[in-house]
There are 2 protein chains.
Amino acid sequence: MKNPSADKRDQKTRKILEQARFRVIEAIAQNINLYGVTPSVGRLYGTMYFQEEPMTLDQMQEALGMSKTSMSTGVRNLLELKMVKKTWRKGVRKDLYEVEPDWYQTFIDFFCLKWRKGIDLNVQSMKKSVDDLQKLLQQPDLSEDDRETIRTDLNKLYEALAYYEWLDKLVDSLETEEIFEFIPKPIPRKVE
Amino acid sequence: MKNPSADKRDQKTRKILEQARFRVIEAIAQNINLYGVTPSVGRLYGTMYFQEEPMTLDQMQEALGMSKTSMSTGVRNLLELKMVKKTWRKGVRKDLYEVEPDWYQTFIDFFCLKWRKGIDLNVQSMKKSVDDLQKLLQQPDLSEDDRETIRTDLNKLYEALAYYEWLDKLVDSLETEEIFEFIPKPIPRKVE
DNA sequence: CAATTCGTACAGTTTTAACTGTACATAAAT
DNA sequence: ATTTATGTACAGTTAAAACTGTACGAATTG
């Protein structure tokens, strides 16, 4: 039996629910944009976050009103960041993707990936420059000015290298999850 | 008395020194670019990093071969990130800038600034959405499907909020430097 | 073996961000 | 008070990126 007033109420409910999601999705998109991920890709992530089932590219296109190509590159982007993963489901031909639901893990993956990249990059070039400067210092007949410049540069590099050593240990403590002994995870509230 | 061969050697020394700096500056620029700072601004920072004395906008322009306007906006950029600070020197009319030499501090300022921004943004919108959904759940005659959707959304938000609580504590431990009790700073090497 | 479906490479377009030069407000120097 | 120096707002330009549509190869289906 039809009930028009209940229908109307349901519609309102859905609208509030949609708005509640939309608000959070936008915040997520804006936030992640601080770290070089475009808002579009952030919205894609946010949309998938609230989806119970894994999504196909077509569903993403439908949900965001963007081209399939963009969905494809966007999802690859998120894959590289380990924020989503590819799934498989029997009888479904299309590729399926779902978000990594654990935000601690996402945080760790996201920053450790970047930090490691930075550590490698910088440590490598710094060590090379340290080497060059050390050799230069060996020269017996350097002007005192040059010698002093080299010394200060070297000390700066030594300090920077120590910093990267520290950062590397921080990355380790995140990846091994030892960090949670120092800063424990709070227990989340649960509905009902 | 002139000594041409010594001059030549000095020149070579300077070149190696310059290359040693350049290599590191490029690495710094590339690294910071991972976090949404343009390579140009990264190079500006790197250049200032190796400068013993505070720099003026004109010196930066000279050093990087870019417009003074770019130096002005670039330096403001770095100021906001607390990576450089404005200095003053008696008798010097121009504005002077120098890098924050402590990379631990720079790391802390840089990430805590961003993280806090993200925390505020997300927690605010999430709390609002949680509120909306909780009110929705009060409704006595919800369809079971809708009720279930709301429940799962709420639980996701509760988990996310717990995560942000954790992140907030991480930020605290960085800003109070308690983190260094957990992960101590290694002692840097010193020249000579 | 067609015929169909799917995902992505690629070229072209649009949008956004970076950069420059000029012009001007502010402050210092004469 | 006038001149000179300094930093930045702003408009315009150039460079980069985000995005789209088409085309095509790989895989699947009939």
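Per chain, numbering begins at 1; letters A, B, ... match sequence-line order.
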*Can Lys82(A) and Glu100(A) be counted as an ion pair, charged N to O under 4.0 angstrom?*
no

*Rounded interatomic separation in angstrom, taking CD from Gln61(B) and C1' from dT8(D)*: 14 Å

_Checking side-chain polar atoms at under 3.5 Å, does Thr69(B) have a donor or acceptor matched by the opposite partner on Ser72(B)?_
no

*Is Thr69(A) near enough to dT20(D) that one of its side-chain N or O atoms lies under 4.0 angstrom from OP1 or OP2?*
no

*Under the 6.0 Å and 45° cation-pi test, does Lys190(B) pair with Tyr158(A)?*
no

*asked:* Any side-chain N or O of Thr38(A) below 4.0 angstrom from OP1/OP2 of dA18(D)?
replied: no

*Closer than 4.0 Å, any side-chain N/O of Ser40(B) to the OP1 or OP2 of dC19(C)?*
yes

*Using whole Å, report how far CG of Leu44(A) lies from P of dC19(D).*
11 Å

*Examine dG7(C): is either OP1 or OP2 under 4.0 Å from a nitrogen or oxygen in the side chain of Lys68(A)? Give yes or no.*
yes

*Could you tell me whether the side chain of Arg93(A) has a donor or acceptor atom within less than 3.5 Å of a complementary atom in the base of dT5(C)?*
yes

*With no hydrogens and no angle check, do the side chains of Gln105(B) and Asp109(B) hold a donor and an acceptor under 3.5 Å apart?*
yes

_Rounded to whole Å, please give me the gap between CG in Leu64(B) and P in dA18(C)._
16 Å

*asked:* Between Gly91(A) and Gly65(A), which residue's closest nucleotide on DNA chain D lies nearer the 5′ terminus?
replied: Gly65(A)

*Please determine if a side-chain N or O atom of Arg76(A) lies less than 4.0 Å away from the OP1 or OP2 oxygen of dA9(C).*
yes

*asked:* Should the side chain of Ser67(A) and the base of dG21(D) be counted as holding a donor-acceptor pair, with the cut-off at 3.5 Å?
replied: no

*asked:* Nearest whole Å is fine: how far is dG7(C) C1' from Met55(A) CE?
replied: 16 Å

*Would you kindly give the OH-to-C1' distance between Tyr97(B) and dG7(D), to the nearest whole Å?*
8 Å

*asked:* If I take atom CE in residue Met71(A) and atom C1' in nucleotide dG21(D), what distance separates them, rounded to the nearest angstrom?
replied: 14 Å

_From CE of Met60(A) over to P of dC6(C), roughly how many Å is that when rounded to an integer?_
14 Å

*Calculate the interatomic distance between Lys94(B) atom NZ and dT4(D) atom P; express it in whole Å.*
16 Å

*Check Lys127(B), Lys128(B), Lys135(B) against Asp131(B) for a side-chain contact (heavy atoms from CB on, under 4.5 Å) and give me the one that passes.*
Lys135(B)

